[in-house]
Amino acid sequence: MSHTYITTPIYYVNGDPHLGSAYTMIITDTIARYYRARGWDTFYLTGTDEHGNKIAQAAADAGVGTKEFTDRVSASFRAAWDTCDITYDHFIRTTDDYHIRYVQEFLQKVHDAGDIYFHRYEGLYCFGCERFYTPKELRDGKCPDHLTAPTLIEEENYFFRMSKYQERLLKHIEANPNFIRPEGFKNEVLGMLREQIGDLCISRPKSRLTWGIELPFDQRYVTYVWFDALINYISGLKYKGEAVFQKFWPEAQHFIGKDILKPHGLFWPTMLMAAGLPLYKHLNVHGFWTVEGQKMSKSLGNVISPLAMKDKIGLDAFRYFLLRESAFGQDADFREESLTARYNGDLANNLGNLASRTLAMQDRYFKGIVQPLNDPPPEIDQRLAAAFTHAATEVETQVGNLLLNRALEAVFRATDHANKYITETAPFTLAKDPASLPRVGAVLHNLLEALRVSCQLLLPFLPETSQKLFALLNLPAEQLTAYSLAWGKAFAVGHQIQKPQALFPRLQ
RNA sequence: GGCGGCGUAGCUCAGUUGGCUAGAGCGAGGGUCUCAUAAUCCCUAGGUCGGCGGUUCAAUUCCGCCCGCCGCUACCA
């Protein structure tokens, strides 16, 4: 059986779920549902990133213990994704015992291999950023983020010999053109690799940072950020056992936003090389959303909450908008106006209305009882079937390229074709003549097939709607993923379907 | 400064070995059916394919320069 492993970034527990993280979740959830529906053994991981001073500070500000604080925020993320019906298989927390143990095992392995060394240096440190700055990065001698003067401190830390793997990574990316996609982001990483990438500082002394994972080879230190966070992709699998890890890891597909390309494109693969592990299969990088043309930010007060969107237009409509309105890897703009247009134009008028008129006629003319198809089928019927066969092929191709917008476009072209088919065959006119009723029955049977295949193709994208409509067709739920079931074979003559229900009531 | 991407109808975009009168969806204008969620369906709109120059029988598609937007990256007063 084919299998795949889908991951999202783990979310830092100093904020709330917003449009950006929801977008990553909806994309990955769709991909995971897509593969599951087609019988692939799929493992889908998400979680929360919980270490660092910012978290300890936020907890202190909130007047609660750090652990209690992270429990609370992590749970709120998990609850948000549950409310959004995100079908992750495991939710990892970097404060989980198994994760901590595995991070230490990983560190020890890389240390044993000689790729972690101790080094003394001094530099300008910004406590707000928890990082060192080079003089040229400063603005007027101050931290560009916090606008405070950094402190000159001397420190000894552990470094990962990342530069050792620079050449090997470069060759790997060149030999595997789809390792990082879309291409633009691959080129960015190649650009980084053409410079000296240097080594990576991976520790912080406990005097400055206590809320972290202790280095197994020096208890005066904790590990810093990436050796903690990135390793979740492996510990999350190891948690389920070595066999699960062995099976899924080589099929790993990471999905990230473009802001964390460098750690995933550079740090992570070199870390894996140092640990003697296979590299992930794909790094899939998506773009950002602006809101009404502006960058989304708390200060502008234009942050979109997925939970609010669920209440406002429903989960499926929200999913549809995000998936249809963005091209993977490119930025997109969230506009109230586009949202309404997509909802009314595609969901209500095209798909919803198609279902409505089909089921209404089936009910009105035949009391919901399915009639025989014509044998042989007229050309117009064949063309309808072909439109859906073509859509199915397109969906396969486009999802494979992560172009979910085009996959959806293809399905809606087919439902659009079905709407035209109704106009061309005019069953409502034929129905006036009793002698034409057999043809009316056949036309409606074809339309029911159109709806059935639409449900199948849309299942990963619009899970709720797909299941709801399939229930109206009164077909057994397992047939929802019976992709090889031929046109005309799903509905037995005499089968009873339900009365119509508005799937997407028009807005305004 | 270097590298990369982008700039096609009001909006979002297709257009990948250079070649028919440059396309789609939405919006807008006109018309139509009546099964349906005032939905459907049909027609129309007309864009110097960012600008200039070059290669070619022929360029949106190749080359050079320029303008604008964006990303990454380097650096200097």
Side-chain angles (χ1 to χ4, degrees), chain A residues 134-137 177 180 182-198 257-263 265-266 285-290 292-293 295 317 321 324-366 368 394 398 401 403 405-406 408-432 436-437 440-441 443-444 447-448 451 465 469 472 499-508:
Chain A
T134 56
K136 65 195 175 195
E137 287 176 308
I180 299 172
E183 197 173 9
F185 294 107
K186 176 186 83 173
N187 289 335
E188 275 189 26
V189 173
L190 285 174
M192 296 173 199
L193 286 168
R194 274 185 225 108
E195 321 266 337
Q196 274 299 318
I197 62 173
K258 62 182 183 179
D259 54 325
I260 46 177
L261 175 61
K262 190 170 181 173
L266 223 51
V285 189
H286 68 69
F288 277 1
W289 283 89
T290 50
E292 309 285 340
K295 194 170 169 179
F321 179 78
R324 180 64 185 80
E325 199 73 6
S326 67
F328 193 88
Q330 294 186 287
D331 290 352
D333 190 33
F334 189 98
R335 310 191 89 98
E336 203 65 38
E337 200 184 315
S338 323
L339 183 66
T340 308
R342 281 292 175 206
Y343 182 98
N344 282 338
D346 295 350
L347 298 177
N349 298 351
N350 187 336
L351 176 64
N353 191 42
L354 174 66
S356 198
R357 60 203 305 212
T358 299
L359 297 185
M361 286 191 279
Q362 187 68 52
D363 180 60
R364 178 194 287 212
Y365 303 136
F366 301 104
E394 271 296 280
Q398 302 300 358
N401 294 327
L403 295 176
N405 58 330
R406 294 205 191 170
L408 282 170
E409 195 184 347
V411 178
F412 280 79
R413 251 204 307 276
T415 54
D416 189 54
H417 185 117
N419 274 316
K420 291 187 198 338
Y421 173 82
I422 295 181
T423 303
E424 287 167 6
T425 54
F428 40 85
T429 303
L430 295 178
K432 292 171 183 164
S436 299
L437 276 179
V440 174
V443 164
L444 291 174
L447 287 166
L448 290 173
L451 293 178
T465 304
L469 179 55
L472 294 179
K499 289 179 192 257
Q501 239 177 64
L503 299 174
F504 298 100
R506 272 181 71 85
L507 297 174
Q508 290 176 1

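Basis for what follows: all heavy atoms, side chains included, without hydrogens, waters or symmetry-related copies. In what follows, chains are A, B, ... by sequence order, proteins preceding strands, each numbered from 1. Predicted model, so just to flag it, every value in this text is computed and none were measured.
Here the closest non-hydrogen pair linking Phe334(A) and Leu339(A) is CZ-CD2, 4.2 Å. Considering all non-hydrogen atoms of both residues, Val440(A) and Ala431(A) come closest at CG2-N, 3.7 Å.
Searching all strands for a Watson-Crick or G-U wobble partner of U48(B) with both distances below 3.5 Å returns nothing. Across all strands shown, C75(B) remains unpaired; no Watson-Crick or G-U wobble contact has both distances below 3.5 Å. Of the nucleotides present, G5(B) is the one that pairs with C69(B) by Watson-Crick or G-U wobble criteria, both distances under 3.5 Å. Figure legend. U37(B) is base-paired to no nucleotide; pairs are counted as Watson-Crick or G-U wobble with both atom distances under 3.5 Å. Pair assignment for G10(B) gives C26(B), based on Watson-Crick or G-U wobble hydrogen-bonding distances that are each under 3.5 Å. Under the Watson-Crick and G-U wobble criteria, each requiring two contacts below 3.5 Å, nucleotide C62(B) is paired to G54(B). Both distances falling under 3.5 Å, in either a Watson-Crick or a G-U wobble arrangement, occur for no nucleotide opposite G18(B).
One distance of note links CG of Asp331(A) with NZ of Lys258(A); it measures 3.5 Å at 0.5 Å rounding.
Here the side chain of Asp416(A) pairs no donor or acceptor atom with the backbone of Asn350(A) at under 3.5 angstrom. Listed for the Asn344(A) side chain is a donor-acceptor partner under 3.5 Å among the backbone atoms of Leu507(A). In this structure, the side chain of Tyr343(A) engages the main chain of Pro505(A) through a donor-acceptor pair within 3.5 Å.
Nucleotides C72(B) and A28(B) are separated by 38 Å at their P atoms, to the nearest Å. Spacing of P atoms, A77(B) relative to G5(B), comes out at 31 Å, to the nearest Å. Remark: the separation of the P atoms in U8(B) and U40(B) is 28 Å, to the nearest Å. With C1' as the reference atom, U60(B) and U44(B) are 25 Å apart, rounded to whole Å. Of the P atoms belonging to C62(B) and G7(B), the separation is 12 Å, rounded to the nearest Å. Look at the P atom in both A22(B) and G50(B): the space between them is 15 Å, to the nearest Å. Here the separation of U12(B) from G27(B), taken at their P atoms, is 15 Å to the nearest Å. Atom P of C49(B) sits at a distance of 14 Å from the matching atom of G23(B), rounded to the whole Å.
When each of Asp346(A) and Asp331(A) is assigned the nucleotide of RNA chain B with its nearest heavy atom, Asp331(A) is the one assigned upstream, toward the 5' end. Between Glu188(A) and Ala341(A), it is Ala341(A) whose nearest contact on RNA chain B lies nearer the 5' terminus.
Rounded to whole angstrom, the span from the CD atom of Gln398(A) across to the P atom of A24(B) amounts to 19 Å. Across the protein-nucleic acid pair, Glu337(A) atom CD and A28(B) atom P stand 10 Å apart, rounded to whole Å. Atom NZ of Lys258(A) and atom P of U73(B) are 13 Å apart (whole Å). Atom P of nucleotide U16(B) and atom CG of Leu403(A) are separated by 15 Å, given to the nearest angstrom. We find that CZ of Arg406(A) is positioned 6 Å from P of A14(B), with the value rounded to whole Å. At whole-Å resolution of the value, CZ in Phe412(A) and C1' in A14(B) are 19 Å apart. In this structure, the CD atom of Glu183(A) is 10 Å from the C1' atom of G4(B), given to the nearest Å. Summarising the geometry, the separation between CG on Asn187(A) and C1' on G2(B) is reported as 15 Å, rounded to the nearest angstrom.
Within 4.0 Å (heavy atoms only), Arg413(A) reaches no atom of the nucleic acid at all.
Considering only side-chain atoms of Arg194(A), the nucleotide from C3(B), U73(B), G71(B) that sits closest is C3(B).
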Checklist line | Contact state string [nucleotides 35-43 of chain B, B base, S sugar-phosphate only, - no protein heavy atom under 4.0 Å] | finding: BBB-SSSS-

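With sequence neighbours excluded, the residues that form a side chain to side chain contact (heavy atoms under 4.5 Å, CB included) with Asn353(A) are Ser356(A), Arg357(A). Residues passing the salt bridge (charged side-chain N to carboxylate O under 4.0 Å, His left out) test with Asp259(A): none are found, sequence neighbours excluded.
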Note to self: One pair to check against side-chain contact (heavy atoms from CB on, under 4.5 Å): Gln501(A) and Leu359(A). What are the steps and the verdict?
What the structure shows: CA-CA 9 Å; Gln501(A) 239 177 64; Leu359(A) 297 185; over 6 Å; no

